[in-house]
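Structure record follows, encoded as structure tokens.
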Number of protein chains: 2
Amino acid sequence: MNTLAYGLLSLLSRSADSGYDLMLKIKPFWPAKHSQIYPLLAQLESDGLVQHVLVVQTDKPDKKVYSLTDKGKEALRAWLGVPADDPVTRDELTLKLYCMEQGDPADIRLLLEQRVAYCNERLKWLQAKIEAYKSPPNASPLPVVLLIQKARFYYQSDLEWAEWALQQLPEHGEEPQPD
Amino acid sequence: MNTLAYGLLSLLSRSADSGYDLMLKIKPFWPAKHSQIYPLLAQLESDGLVQHVLVVQTDKPDKKVYSLTDKGKEALRAWLGVPADDPVTRDELTLKLYCMEQGDPADIRLLLEQRVAYCNERLKWLQAKIEAYKSPPNASPLPVVLLIQKARFYYQSDLEWAEWALQQLPEHGEEPQPD
DNA sequence: AACACCATGTAATCAGTTACATGATTAT
DNA sequence: ATAATCATGTAACTGATTACATGGTGTT
């Protein structure tokens with residue numbers, strides 16, 4: 001039982017889902033490809049933690065909709081009682097900045113500008129999510145609110161850092177025009 | 001040439017180092033065990049990107065001190081010209097919060113309190129780092145300043161989120177005392 | 001006496017990505 | 001026509017962790 005396995009159980013605790021939808025939903029929290037998820041679901045089923053029913057569709061391919069068993073719920077409950085591993089962020093940008101003197105200053109500037117753009121894009125997406133659950137009929141449950149805010153805090157701080165970092169870079173290499 | 005390989009080159013661009021020290025230094029940016037680093041350094045050497053000299057020590061075991069070759073520097077320069085991959089954060093806590101209704105509310109509260117403590121600990125460590133380079137003799141180069149600040153922004157925002165999240169939790173289950 | 005640090009390496013396993021494989025529906 | 005989405009699966013490979021292996025110095 002690795003973290004991805006518990007992650008799938010966690011998603012299923014909110015609503016039954018196909019492997020395909022689980023892949024899409026888990027992406028922001030724990031990236032995984034379908035090639036990792038399908039076999040893992042089969043294993044969780046053989047362990048009795050989830051079960052599936054085949055849902056036949058006419059317009060789209062048939063799908064297997066998985067749901068938690070009592071044993072699965074119990075496994076989740078126990079998992080919530082042990083401390084979470086420390087979060088791990090892998091950000092190539094940090095490694096590139098570490099050796100920034102080795103490269104073209106324009107390249108470094110571009111890397112930071114790309115990060116600013118990326119954060120803005122993610123924040124815009126999150127804002128759309130927030131708007132969607134502001135309308136009373138589909139108010140989001142507390143966990144979803146907590147997680148959306150966590151992402152907002154993260155991207156907002158990274159954005160502010162990247163904009164600050166751009167200002168710390170030496171002036172553009174425009175040598176004074178001789179007249 | 002994967003990201004870890006470039007990460008090692010990046011560290012070596014600032015100063016020659018042993019595999020052991022590289023492991024310690026790269027940890028905050030790209031976690032890797034010595035069992036991954038030693039073979040990779042050997043491969044980078046056979047590719048002509050790094051070279052090593054054996055440094056004999058009396059009190060401690062001998063070590064191999066690696067440094068960048070010209071070919072290694074050129075590889076770094078080229079790498080800086082391509083966009084950085086999007087950052088990936090894997091945080092078990094997000095998965096646990098997603099299914100928080102399944103567990104004991106006290107467990108959830110504890111998970112968030114542990115996160116608050118962790119962020120405070122990291123911030124304290126970063127503050128010590130900052131103090132260390134405030135004294136003029138050993139002023140840090142720009143990249144190091146940028147990276148320390150990036151980490152500060154991150155842990156500070158995660159801390160603020162976790163403290164906010166604790167307040168969003170339903171009241172403690174202290175049922176009113178019958179008198 | 002037991003543990004932590006320094007220092008390097010290999011072997012076995014687990015986790016994650018890329019590629020192979022299929023096939024219908026809908027949008028550009 | 002070409003691509004994207006939906007939907008599931010396996011095979012091959014790369015990346016990362018854990019375990020095995022050694023051995024001196026310094027600390028509690």
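The chains referred to below are lettered A, B, ... by the order of the sequence lines, with proteins before strands, and numbering in each begins at 1. Excluded from the calculations below are hydrogen atoms, water molecules and symmetry mates; all remaining heavy atoms, backbone and side chain alike, are included.
Heavy-atom neighbours of Asp59(B) CG from other residues, nucleotides or ligands within 6.0 Å: above the threshold of 12.
In terms of position along DNA chain C, the nucleotide closest to Asp62(B) lies nearer the 5' end than the nucleotide closest to the other residue of the pair Asp62(B) and Thr3(A).
Trp30(B) pairs by the ring-ring contact (aromatic ring centres under 6.0 Å, His included) definition with nothing, not counting sequence neighbours.
The interatomic distance linking Gln57(A) (CD) with dT5(D) (P) rounds to 17 Å, in whole Å. Rounded to a whole Å, the CG atom of Leu40(B) is 12 Å from the C1' atom of dA16(D). Ile26(B) places its CD1 atom 12 Å from the P atom of dT17(D), with the value rounded to the nearest Å. In this structure, Asp17(A) atom CG and dT8(D) atom P are separated by 10 Å, rounded to whole Å. Between the C1' atom of dA15(C) and the CD atom of Glu92(B) lies a distance of 14 Å, rounded to the nearest Å. In this structure, CG of Asp85(A) is placed 17 Å from P of dA16(D), rounded to the nearest angstrom. Taking atom NZ of residue Lys27(B) and atom P of nucleotide dT17(D), one finds them 12 Å apart after rounding to whole Å. Rounded to whole angstrom, the span from the CD1 atom of Ile37(B) across to the P atom of dT8(C) amounts to 11 Å.
Between Tyr98(A) and Phe29(B), the ring planes lie tilted relative to each other; the angle falls in the 30° to 60° range. Classification of the Tyr118(A)-Tyr155(A) ring pair by plane angle, with boundaries at 30° and 60°, yields perpendicular.
Between Asp107(A) and Arg77(B) there is no salt bridge, since none of the side-chain N atoms of the basic residue sits less than 4.0 Å from a carboxylate O of the acidic one.
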side-chain hydrogen bond (donor to acceptor under 3.5 Å, both in side chains) assessment of Glu163(B) paired with Gln167(B): CA-CA 7 Å; Glu163(B) 285 175 338; Gln167(B) 289 169 15; over 6 Å; no
Test side-chain hydrogen bond (donor to acceptor under 3.5 Å, both in side chains) applied to Thr94(B) and Asp91(B), step by step: CA-CA 6 Å; Thr94(B) 61; Asp91(B) 189 349; 5.4 Å; no
Where protein sits on nucleotides 16-28 of chain C, one letter per nucleotide: B base, S sugar-phosphate only, - none, heavy atoms under 4.0 Å: BBBB---B-S---
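Contact between the side-chain N/O atoms of Tyr38(B) and the OP1/OP2 oxygens of dT8(C) is found at a separation under 4.0 Å. Taking 4.0 angstrom as the limit, Tyr20(A) places none of its side-chain polar atoms (N or O) nearer than this to OP1 or OP2 of dT8(D).
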